[in-house]
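Just so we're clear, the structure is a prediction, and the values are computed from it rather than from any experiment. The basis for the numbers below is simple: all heavy atoms, side chains too, and nothing from hydrogens, waters or symmetry mates.
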Amino acid sequence: LVQQLNDTPTCACFVAIVYGTYHGVALRNDGRLFIWGNDSCGQRNDTPTCPGFVAISCGADHSAGLRDDGTVLTWGANVDRDGAPTCAGFVAIASGGEQSVALSRRRNYS
């Protein structure tokens, strides 16, 4: 028997799930996010509440989301969002450890 945490999602509407060191992000089929776990770096409270996400990724203490308009939003560790892309045209994202990358149709940003 596996014990379920109080804030673990139970909805059958999730299409993707990723996990950082102590926080998780799930993408719902309506483009909204569900976050649970640690919030020591804003992994939960800084999460965007808007719909329109098509992909998600997690690093150790941060997360990134790719929106249907090709923009990327990040939240959690790295309050200054050093190097976070501010343009559209991205088609994929990935995160790991302390970094995230976004792939555009033209070139890669990190």
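- Of the inter-residue distances, the one linking S100 atom OG with L66 atom CG reads 12.0 Å to the nearest 0.5 angstrom.
- The minimum heavy-atom distance between S95 and G59, with the atom names listed, is CB-N, 3.5 Å.
- The heavy-atom pair separating S57 from A94 by the smallest distance is OG-C, 3.7 Å.
- The NE2 atom of H62 sits 8.0 Å away from atom CD of Q99, with the distance rounded to the nearest 0.5 Å.
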For this session: Tell me, with the steps shown, if L33 and L27 meet side-chain contact (heavy atoms from CB on, under 4.5 Å).
Result: CA-CA 5 Å; L33 304 176; L27 175 63; 3.9 Å; yes
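- Judged by distance alone, with hydrogens and angles left aside, the side-chain atoms of R44 form no donor-acceptor pair with the main-chain N or O of N38 at under 3.5 Å.
- For the pair D39/H23, no side-chain contact is recorded, criterion being any heavy-atom separation below 4.5 Å from C-beta on.
- Grouping the Ile, Leu, Val, Met, Phe, Trp and Tyr side chains by contacts below 4.5 angstrom, directly or via other members, places I17 with F14.
- Of all heavy-atom pairs spanning F90 and A102, the tightest one is CD2-CB, 3.4 Å.
- Within the 4.5 Å cutoff, side-chain heavy atoms of L73 are placed close to those of R67.
- For the pair S40 and Y22, the minimum side-chain heavy-atom distance is 4.5 Å or more.
- The nearest pair of heavy atoms linking I93 to A55 is CD1-O, 3.7 Å.
- Under the 4.5 Å side-chain contact rule for hydrophobic residues, V25 and V15 share a cluster.
- Taking OG of S63 as the start and CD1 of I56 as the end, the distance is 8.0 Å to the nearest 0.5 Å.
- Counting only distance, with no hydrogens or angles, the side chain of T47 and the backbone of Q43 share a donor-acceptor pair below 3.5 Å.
- Listed for the R105 side chain is no donor-acceptor partner under 3.5 Å among the backbone atoms of V91.
- Contact record, D30 with R32: OD1-N, 3.0 Å, taken as the closest heavy-atom pair.
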